[in-house]
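Structure first, then comments.
Whatever order the structure lists them in is the order used to number ligands and atoms, beginning at 1.
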Amino acid sequence: MTKTPNHQKVVLVGDGAVGSSYAFAMAQQGLAEEFVIVDVIKERTEGDALDLEDATVFTAPKNIYSGDYSDCADADLVVITAGAPQKPGETRLQLVGKNLKIIKSIVKPIVDSGFDGIFLVAANPVDVLTYAVWKFSGFDKSRVIGSGTSLDSARLRVALAKKLNVDPRDVNANIMAEHGDSEFAAYSTATAGGVPVLQLAEEAGLSFDDLLQIEDETRHKAYEIINRKGATFYGIATCLMRISKAILRDENAILPVGAALDGEYGLNDIFIGTPAVINGSGLAKVIEVKLDDREKDLMAKSAATLRQVTADGIAALD
Ligand SMILES: NC(=O)C1=CN([C@@H]2O[C@H](COP(=O)(O)OP(=O)(O)OC[C@H]3O[C@@H](n4cnc5c(N)ncnc54)[C@H](O)[C@@H]3O)[C@@H](O)[C@H]2O)C=CC1
Ligand SMILES: CC(=O)C(=O)O
């Protein structure tokens, strides 16, 4: 299919629970005129393409089809959700061995296709795998984005909104660092309606320990969902749609993602959860949140964990 200047093409790699929910979210929003689905299970991608095209009658015209890596050649965005999910009780970091192998096998044929767009990675452990996509692709770090702490920040906003009895869209709060067990809530800069969350919490009778309890519940929410229904997918699918929209519509949106750092927070050579400006070129700028001393310490510890797992995981591949 020949692309006209306003025609946007997205390739989804990994058509499981997360990938198919993302495809549905993209169809609902009318984003990308061409949407290609790739998976090792070809029948699933064919079935999903046939199913999803029926939705376009009520949303926006879109060419949705099952494809392969050669379809990445003229894609604007490749979204990677291929990989094993956690079993109940399993941590994200425990997926590193098998999912690094999968990522390595995916990135090479995508790059070989001539792909020159932006990678968005969601498979876990997402910070490690985003780093690996960057290393294996040789792309500039601005063109490799992880879903990072987008979902965790959404969960924090939902939890705070319930406690403060406000709309979650009006809560501006970030979970930072690893998308996983060492993440933390940057409460010192969180606001709602321009007012510090710390102040609003106090007025609502919540102590800092109560806020730490909310942080802990946020950190463990994935486990709670996986214990009940085996996987999480609607939340992350919507986060991926939101990040995709910021890229495809060239929004300069500030979103929490998994970003490559270049000295911010005193860190280099790592992908980690932080707010960043996202536009048509990818990750335009990391927004460095002013952390307090407690948060700085948590950021450093989380980064050290990610570094170790990344180094061990990549060494084990060789
Ligand atoms: N970043 C985040 O916030 C979140 C990340 N995840 C992660 O997303 C990943 C996918 O989760 P689910 O969709 O629930 O798993 P799933 O098992 O439902 O789907 C995974 C899909 O990947 C495909 N796949 C495996 N190897 C492949 C390869 N080499 N090439 C192409 N496709 C391949 C499988 O055939 C399957 O369709 C997991 O790693 C999970 O932990 C899940 C939720 C949130
Ligand atoms: C599975 C996962 O990473 C999440 O729901 O946060």
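The protein heavy atom nearest to atom 3 (O) of ligand 1 is His179 NE2, 3.1 Å. Nearest non-hydrogen protein atom to atom 20 (C) of ligand 1 is Gly83 O, 3.4 Å. Ranking protein heavy atoms by distance to atom 31 (C) of ligand 1, first place goes to Val40 N, 3.6 Å. Nearest protein neighbour of atom 15 (O) of ligand 1, counting heavy atoms only, is Pro85 CG, 3.5 Å. Of the protein's non-hydrogen atoms, the one nearest atom 8 (O) of ligand 1 is Ala123 CA, 3.8 Å. Looking only at protein heavy atoms, the nearest one to atom 43 (C) of ligand 1 is Thr232 OG1, 3.2 Å. With respect to atom 7 (C) of ligand 1, the closest heavy atom belonging to the protein is Asn124 ND2, 3.6 Å. The nearest heavy-atom contact from the protein to atom 24 (N) of ligand 1 is Ala82 CB, 3.8 Å.
Every atom of ligand 1 is numbered from 1 in the order shown, and the set under 4.0 Å from a heavy atom of Arg44 is 36 (C), 37 (O). Ligand 1 places these atoms under 4.0 Å from at least one heavy atom of Asn99: 39 (O). Of all atoms in ligand 2, listed by their number and element, those nearer than 4.0 Å to a heavy atom of Gln86 are 1 (C), 2 (C), 3 (O). In summary, the atoms of ligand 2 found under 4.0 Å from a heavy atom of His179, numbered by their order in the structure, are 2 (C), 3 (O), 4 (C), 6 (O). Of all the atoms in ligand 2, the ones that sit under 4.0 Å from a non-hydrogen atom of Asn124 are 1 (C), 2 (C), 3 (O). Within the listing of ligand 2, atoms 4 (C), 5 (O), 6 (O) sit less than 4.0 angstrom from a heavy atom of Leu151. Close approach to Ile236 involves these atoms of ligand 1, each under 4.0 Å from a residue heavy atom: 1 (N), 2 (C), 3 (O), 4 (C), 43 (C), 44 (C). Interface of Ile41 with ligand 1, defined as ligand atoms under 4.0 Å from a residue heavy atom, comprises 35 (O). The Thr81 neighbourhood of ligand 1 comprises atoms 9 (C), 10 (C), with distances under 4.0 Å to a heavy atom of that residue. Proximity to Ile102 (heavy-atom distance under 4.0 Å) selects the following atoms of ligand 1: 26 (N), 27 (C), 28 (C), 29 (N). Numbered from 1 in the order shown, with element, the atoms of ligand 2 that lie under 4.0 Å from a heavy atom of Ala222 read 4 (C), 5 (O), 6 (O).
Residues Glu183 and Ser302 have side chains that never bring a donor and an acceptor to within less than 3.5 angstrom of each other. If you check the side chains of Lys301 and Ser182, you find no donor sitting under 3.5 Å from an acceptor. Residues Asp209 and Ser207 have side chains that never bring a donor and an acceptor to within less than 3.5 angstrom of each other. A donor-acceptor pair shorter than 3.5 Å can be found between the side chains of Gln308 and Asp312. Side-chain contact check for Thr130 and Asp127: no donor-acceptor pair (N or O, by modelled atom type) lies under 3.5 Å. Counting only N and O atoms by type, the side chains of Asp269 and Tyr131 include a donor and acceptor under 3.5 Å apart. Between Tyr223 and Asp181, the side chains place a donor N or O and an acceptor N or O closer than 3.5 Å (distance only, hydrogens not considered).
At a 4.0 Å heavy-atom cut-off, ligand 2 touches Arg92 through the side chain alone. Contact annotation: for Asp152 versus ligand 1, there are no heavy atoms closer than 4.0 Å. When heavy-atom distances to ligand 1 are checked against a 4.0 Å cut-off, Arg92 has no atom that comes that close, whether in backbone or side chain. The side chain of Tyr69, and not its backbone, has at least one atom closer than 4.0 Å to an atom of ligand 1 (non-hydrogen atoms only; side chain from C-beta on). With a 4.0 Å heavy-atom cut-off, ligand 1 is reached by the backbone of Asp39 and by its side chain too. At a heavy-atom cutoff of 4.0 Å, ligand 2 is contacted by the side chain of Arg155 but not by its backbone.
Checking side-chain atoms of Ser244 against main-chain N and O of Leu240 turns up a donor-acceptor pair under 3.5 Å. A donor-acceptor contact shorter than 3.5 Å links the side chain of Lys62 to the backbone of Ala32. Asn99 places no side-chain N or O within donor-acceptor distance of the main-chain N or O of Val96, the cut-off being under 3.5 Å. Without hydrogens or angle criteria, Asp140 side chain to Ser142 main chain gives a donor-acceptor distance under 3.5 Å. Checked by atom type and distance alone, the side chain of Asn124 never pairs as donor or acceptor with a backbone atom of Arg92 at under 3.5 Å. With hydrogens and angles ignored, the 3.5 Å screen pairs no side-chain donor or acceptor of Lys101 with any backbone N or O of Leu317. In this structure, Glu215 contributes its side chain and Ala185 its backbone to a donor-acceptor pair below 3.5 Å.
When the heavy-atom distances from atom 39 (O) of ligand 1 to Ala17, Gly14, Gly16, Ala84 are ranked, the shortest goes to Ala84.
Nearest heavy atom pair, residue Tyr265 against residue Val289, reads OH-N, 2.9 Å.
Of the polar atoms of Val18, at least one N or O is found under 3.5 Å from an N or O of ligand 1, judged by distance alone.
At a threshold of 4.0 Å, the pair Glu251-Arg242 counts as salt-bridged, since one of the basic side-chain nitrogens sits closer than that to a carboxylate oxygen.
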